[in-house]
K.L.:
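Could you have a look at this structure, given as structure tokens, before my questions?
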Amino acid sequence: MNEEIAKSYDQSKESEIYQIWESSGYFNPDNLSGKPYTIIMPPPNATGTLHIGHTFEHTIQDIAIRFARMRGRKALWLPGTDHAAIATNTKVEKILIKETGQNRHQIGREKFIKKVEEFVQGSRGTIQNQLRVIGDSADWSREAFTMDEERTLAVRTAFKNMFDAGLVYRGIRVINWDPKGQTAVSDDEVVYKPEQGKLYYFKYSTDFPITIATTRPETKLGDAAVAVNPEDSRYKQFVGKEYEVGFMGNKLKIRIVADETVDPKFGTGAVGVTPAHSITDYEIAQRHKLPTIQIINEYGKMMDNTQSLAGKKTKDAREEVVAWLKENNLLEKIEDVELNITTAERSGGIIEPLPKLQWFIDVNKKFPIKHSELKNIETGQEVTLKELMRSVVSSGEIQILPEREEKKYFHWIDNLRDWNISRQLWYGHRIPVWYRNDEIYCGLEAPGGSNWRQDEDTLDTWFSSALWTFTTLGWPKKTSDLQTFHPTQFMSPGYEILFPWVARMILMSTFHLGQIPFEIAYIHGIVRNKDGQKFSKSLDNGIDPVDIVTKYGADALRMALVVGVGTGNDVKYDEMKVKGYRNFANKIWNAARFVYNNAPQPPLYQSGGDRTPVLSGELLPRDQKIIDELRELVTRITEQMEKYDFAHASEDLYHYFWHTFADKIIEEAKPKLADETTKASAQIMLMTSLETLLKLLHPFMPFVTETIWQLNHKDLLMIRQWPNEVVVSSK
RNA sequence: GGACGCUUAGCUCAGCUGGUUAGAGCGUCUCGUUUACACCGAGAAGGUCAAAGGUUCGAAUCCUUUAGCGUCCACCA
């Protein structure tokens with residue numbers, strides 16, 4: 001009897017197991033053979049530590065990659081971190097102000113960047129260690145960072161390729177300006193918040209024929225037109241006319257234009273058009289060739305051209321305009337309305353739409369695709385980026401799971417505007433464009449000659465992370481990694497980044513490589529606390545996964561985040577659930593202890609050549625039946641795994657192990673083991689069952705299963721063959 | 001304003017293309033110190049499957065409507 005097997009499973013030894021895996025070299029696919037299977041890790045932000053949501057995301061990926069590895073695939077899970085420009089920029093500046101009282105402008109661009117890089121270095125290390133704790137079987141030798149040298153070259157190459165194709169352009173557009181963060185943000189980085197507001201009904205002047213309604217009277221100094229619906233009989237007579245009005249000491253030229261976007265039922269059915277300070281108004285202005293008159297600056301203050309309002313904050317200016325309207329009897333009424341204010345997702349600042357010179361990616365321009373390995377798209381075919389994005393999903397080349405996310409994806413493309421990729425931040429990839437007088441140069445390096453001045457702006461973080469599936473593999477160099485591992489197979493992002501990231505990866509990969517970035521986008525939900533609240537810094541209800549792992553073990557936490565959680569659904573995190581799976585780990589441990597302690601001596605597996613069981617013999621019919629049923633389980637679990645249905649696979653395994661194997665099979669085997677005529681068969685049956693179950697459980701609970709495996713084997717369970725069928729050694 | 005999802009035992013959730021007395025885990029209650037495990041075992045209670053109507057021999061499962069909760073998109077000037 002093997003006396004030294006402990007009475008309960010000790011999860012504190014998990015780190016030793018991780019050490020064994022890592023030093024074995026099998027996280028690195030160079031040491032594996034077979035058909036490649038690739039997962040590129042969604043890079044966690046380099047802003048700091050990981051939360052339980054990361055554990056959820058990584059558990060899904062680790063299950064997928066371990067399953068692939070056991071099925072004999074050349075499995076690569078490539079880890080990395082994201083520089084997260086806005087987030088990191090903000091965070092480090094906060095720390096800087098706290099520590100030194102100086103902001104980034106006071107210490108200067110160069111010093112600030114250095115500060116950020118030091119910070120990032122530290123948090124990358126922290127993140128990597130946390131990922132080891134939860135068991136990520138990632139290939140650390142290929143670890144990448146969105147801002148390292150290789151990725152910088154890739155980003156510049158990507159920019160240049162798109163620039164040369166005419167898809168990247170620079171122009172003045174009304175964009176979402178964040179006065180707080182002092183940068184432009186894209187449409188996907190703004191959040192609408194409902195707020196009580198007022199709707200003011202007024203005329204510009206007594207001699208103006210139409211009353212308009214607005215929630216922002218202070219912007220009316222920038223009006224160029226009044227738009228009405230072309231079908232609106234009230235206003236038809238005025239369309240095309242132009243009026244000059246005096247408005248708070250300013251002269252405004254107001255033309256009456258007909259535009260279908262105007263809702264005749266809202267307000268007075270007439271809209272004051274402010275081209276410079278509203279994206280929709282700007283679009284109306286484009287259609288009717290109206291001038292763009294900017295009256296608010298980058299700091300959210302009224303500009304000099306507003307005369308008496310110059311230098312005032314918009315809020316104060318609004319009060320003055322309203323007061324002026326009242327004094328002049330122009331204000332007809334004020335209504336309370338509910339409105340959405342637009343805020344910047346990161347900084348929380350209220351967005352001020354402004355006309356700005358920015359860089360954009362044109363999603364509607366036709367271009368001949370240089371190279372295509374895509375279905376339905378020939379090399380050289382004229383396509384738009386939108387068409388590319390749509391095509392690869394509708395063709396089924398990329399599958400977005402769950403299906404409802406696919407609908408959201410198509411809908412997003414339908415509403416997509418050109419992507420603003422420039423940011424007025426310091427930390428990030430600098431735009432690879434240089435200027436000299438009237439010359440403009442786009443390249444990978446600064447051009448020769450003097451007086452060239454590089455563009456001040458940096459790129460949207462999502463520009464570089466959109467390249468992630470292939471820059472991590474060495475692109476633009478034609479590396480063997482790129483050849484071997486791209487397109488990748490599986491990607492598991494949260495639904496909150498379906499648009500900014502998943503969609504953009506598809507855009508970039510199809511454009512630059514003519515390949516899909518991944519076959520499956522398995523969109524997961526978020527982890528909430530047991531009351532259904534989000535974990536957030538502001539609520540201060542965060543949970544450190546490392547603490548949970550210390551208390552219950554990584555396997556327990558992984559199971560708690562997977563069992564019964566349907567694809568794409570949110571998880572309610574409950575510590576009791578983790579505790580339950582800690583108990584399960586112990587159950588597995590003890591069942592194994594029983595089986596091993598009842599195995600014959602000498603040990604079942606000889607040292608060195610542990611593939612050959614010493615034990616062999618005929619199975620009695622009763623035991624054979626158990627093995628047959630186990631075979632059905634193997635088939636079912638395998639099918640579920642292939643469908644990425646981890647929720648049911650894990651639940652079924654849990655149930656079978658505990659309530660069939662432990663409660664029934666082991667219990668019923670006890671008398672068999674006591675009887676010499678049935679003992680040998682029972683031993684084979686138990687051993688076969690246990691080890692098959694360990695294999696099936698390994699992707700979900702890698703630590704406990706490997707620890708048990710190590711009691712009796714010289715090789716690693718991690719790379720053992722997934723049971724295609726249950727093989728019983730009998731003569 | 002559009003689109004989608006959810007509503008099944010106290011709690012968290014399964015129930016696929018409709019078919020025997022609706023399932024699991026946790027929790028609760030009762031019993032149990034049987035040599036793998038008390039991080040355990042045996043057993044029990046607990047649901048008019050949100051509501052109404054319809055299709056059908058038969059519906060938690062399909063259709064319609066309603067209510068509540070949630071999410072995404074658009075953005076109303």
Side-chain angles (χ1 to χ4, degrees), chain A residues 1-2 5-9 11 187-188 190 192 194 197 199-201 212-217 219-220 223 226-228 259 261-263 265-274 277-281 284 337-342 402-416 495-496 498-499 525-526 528 530-532 552-553 556 559-560 563-566 568-598 643 645 647-648 651-652 654-655 658-659 661-663 666-667 669-670 674 686 690:
Chain A
M1 296 289 273
N2 200 340
I5 301 178
K7 196 175 167 184
S8 57
Y9 172 59
Q11 73 258 5
D187 295 338
D188 294 297
V190 300
Y192 297 100
L199 186 62
Y200 303 88
Y201 288 72
I212 60 168
T214 183
T215 53
R216 296 196 61 189
T219 64
K220 297 292 102 181
D223 279 13
V226 163
V228 298
D259 199 281
T261 59
V262 179
D263 177 2
K265 290 193 282 293
F266 187 90
T268 62
V271 192
V273 180
T274 321
H277 298 292
S278 152
I279 292 174
T280 45
D281 285 10
I284 293 174
V337 285
E338 226 175 68
L339 48 88
N340 278 326
I341 61 166
T342 315
E403 221 174 302
R404 58 176 183 268
E405 298 296 323
E406 200 166 294
K407 286 184 195 161
K408 279 163 62 178
Y409 175 80
F410 285 121
H411 187 248
W412 178 80
I413 295 177
D414 291 340
N415 289 299
L416 187 60
Y495 52 59
E496 74 283 1
L498 175 65
F499 305 143
I526 59 172
R528 299 172 177 275
K530 65 172 192 274
D531 302 319
Y552 300 107
M559 284 292 274
V563 177
V565 179
N569 290 350
D570 290 350
V571 195
K572 278 194 186 145
Y573 171 81
D574 183 353
E575 192 170 323
M576 291 310 287
K577 200 175 167 188
V578 183
K579 197 176 164 189
Y581 291 108
R582 188 274 315 264
N583 295 353
F584 180 50
N586 191 54
K587 190 76 186 178
I588 299 171
W589 177 262
N590 273 288
R593 187 157 80 109
F594 178 83
V595 173
Y596 285 157
N597 282 342
N598 283 286
K643 286 190 297 188
D645 184 4
H648 288 106
E651 193 171 349
D652 288 356
Y654 173 89
H655 200 258
W658 200 314
H659 300 296
F661 183 62
D663 289 348
I666 287 184
E667 288 309 317
K670 286 176 182 173
L686 286 175
L690 174 70

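Each chain gets a letter, A, B and so on, in the order its sequence line appears, and its residues count up from 1.
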K.L.:
I need the CG-C1' distance between A:D570 and B:rU71, as an integer number of Å.
P.N.:
9 Å
K.L.:
For a quick check of understanding: with a heavy-atom distance under 4.0 Å over all strands, which category does A:K572 fall into, base, sugar-phosphate or nothing?
P.N.:
sugar-phosphate
K.L.:
Considering only atom C1', compute the distance from B:rG15 to B:rU61 and round it to an integer number of Å.
P.N.:
9 Å
K.L.:
Answer with base, sugar-phosphate or nothing: what part of the nucleic acid does A:T280 contact at a heavy-atom distance below 4.0 Å?
P.N.:
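Sugar-phosphate only.
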K.L.:
What is the separation between atom NE2 on A:H655 and atom C1' on B:rU12, rounded to the nearest whole Å?
P.N.:
16 Å
K.L.:
For A:N569 and B:rA14, is the shortest distance between a side-chain N/O and OP1 or OP2 below 4.0 Å?
P.N.:
yes
K.L.:
Between A:W412 (CH2) and B:rU71 (C1'), how many Å, whole number?
P.N.:
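Whole-Å distance recorded here is 18 Å.
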K.L.:
I need the CG-P distance between A:D645 and B:rC13, as an integer number of Å.
P.N.:
16 Å
K.L.:
Starting from C1' on B:rC39, measure out to NZ on A:K7 and report it in whole angstrom.
P.N.:
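After rounding, the reported distance stands at 11 Å.
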K.L.:
With nearest nucleotide decided by heavy atoms, which residue, A:K407 or A:H648, maps closer to the 5′ end of RNA chain B?
P.N.:
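With A:K407 and A:H648 compared, the 5'-side residue is A:K407.
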K.L.:
Considering just the side-chain nitrogens and oxygens of A:W658, establish if one lies under 4.0 Å of OP1 or OP2 belonging to B:rG25.
P.N.:
no
K.L.:
A:K220 side chain: which of B:rA77, B:rA36, B:rC37 is closest?
P.N.:
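Taking heavy atoms from C-beta onward, the closest nucleotide is B:rA77.
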K.L.:
Tell which nucleotide pairs with B:rA42, taking only Watson-Crick or G-U wobble pairs whose two distances are both under 3.5 angstrom.
P.N.:
B:rU30
K.L.:
Determine the contact category for A:V262: base if any of its heavy atoms lies under 4.0 Å from a base atom, sugar-phosphate if only primed atoms, P, OP1 or OP2 are that close, otherwise nothing.
P.N.:
base
K.L.:
Which base, if any, makes a Watson-Crick or G-U wobble pair with B:rA60, both distances under 3.5 Å?
P.N.:
none
K.L.:
Does B:rA74 have OP1 or OP2 sitting under 4.0 Å from an N or O in the side chain of A:K408?
P.N.:
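Checking B:rA74 against A:K408, no side-chain N or O comes under 4.0 Å of OP1 or OP2.
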K.L.:
Pairing check on B:rC49: which nucleotide meets the Watson-Crick or G-U wobble criteria with it, both distances under 3.5 Å?
P.N.:
none
K.L.:
Using a distance-only test with no angle check, is there a side-chain donor-acceptor pair under 3.5 angstrom linking A:D663 and A:H659?
P.N.:
yes
K.L.:
A:N598 side chain N/O closer than 4.0 Å to the phosphate oxygens (OP1, OP2) of B:rA36?
P.N.:
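Result: no.
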K.L.:
Separation of A:L416 atom CG from B:rA74 atom C1', in whole Å?
P.N.:
14 Å
K.L.:
Let's see if you can work this out: which of B:rG41, B:rA24, B:rA77 has an atom nearest to the side-chain heavy atoms of A:E651?
P.N.:
B:rA24
K.L.:
Calculate, to the nearest 0.5 Å, the distance between atoms NZ and NZ belonging to A:K572 and A:K530 respectively.
P.N.:
12.0 Å
K.L.:
B:rC4, B:rA74, B:rA24: which one has an atom nearest the side-chain heavy atoms of A:Y192?
P.N.:
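Nucleotide nearest to A:Y192's side chain: B:rA74.
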K.L.:
Tell me which nucleotide among B:rC40, B:rA77, B:rG25 gets nearest to the side chain of A:N583.
P.N.:
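Output: B:rC40.
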K.L.:
Among B:rC76, B:rC39, B:rA77, which nucleotide has an atom closest to any side-chain atom of A:T215?
P.N.:
B:rA77
K.L.:
Using whole Å, what does the distance between atom C1' of nucleotide B:rC72 and atom CD of A:E403 come to?
P.N.:
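So the CD-C1' distance, A:E403 to B:rC72, works out to 17 Å.
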K.L.:
Considering only side-chain heavy atoms of A:H659, which listed nucleotide, B:rA36, B:rG25, B:rA74, is closest?
P.N.:
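When the side chain of A:H659 is considered, B:rG25 is the closest of B:rA36, B:rG25, B:rA74.
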K.L.:
Taking side chain as C-beta onward, heavy atoms only, is A:V578 less than 4.5 Å from A:R582?
P.N.:
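Sidechains of A:R582 and A:V578: no contact.
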K.L.:
Taking any heavy-atom pair under 4.0 Å as a contact, classify A:F499: base, sugar-phosphate, or nothing.
P.N.:
sugar-phosphate
K.L.:
Please give the nucleotide sitting opposite B:rC72 as a Watson-Crick or G-U wobble pair, both distances under 3.5 Å, or none.
P.N.:
B:rG2
K.L.:
When all nucleic acid strands are considered with a 4.0 Å heavy-atom cut-off, which category describes A:G564: base, sugar-phosphate, or nothing?
P.N.:
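Sugar-phosphate contact only.
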K.L.:
If you measure from the Lys or Arg side-chain nitrogens to the Asp or Glu carboxylate oxygens, is any gap between A:K577 and A:D574 under 4.0 Å?
P.N.:
no
K.L.:
Describe the nucleic acid contact of A:A647 in one word from base, sugar-phosphate, nothing, applying a heavy-atom distance below 4.0 Å.
P.N.:
nothing
K.L.:
Given B:rC13, is OP1 or OP2 found less than 4.0 Å from the side-chain N or O atoms of A:K577?
P.N.:
no
K.L.:
So for A:N586 and B:rC37, does any side-chain atom that can act as donor or acceptor lie under 3.5 Å from a complementary atom in the base?
P.N.:
no
K.L.:
For RNA chain B, whose closest nucleotide is more 5', that of A:T274 or that of A:N415?
P.N.:
A:N415
K.L.:
Roughly, in whole Å, what's the span from CG in A:D263 to C1' in B:rA74?
P.N.:
13 Å
K.L.:
Both distances under 3.5 Å, Watson-Crick or G-U wobble: report the partner of B:rA24, or none.
P.N.:
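B:rU12 is the nucleotide pairing with B:rA24.
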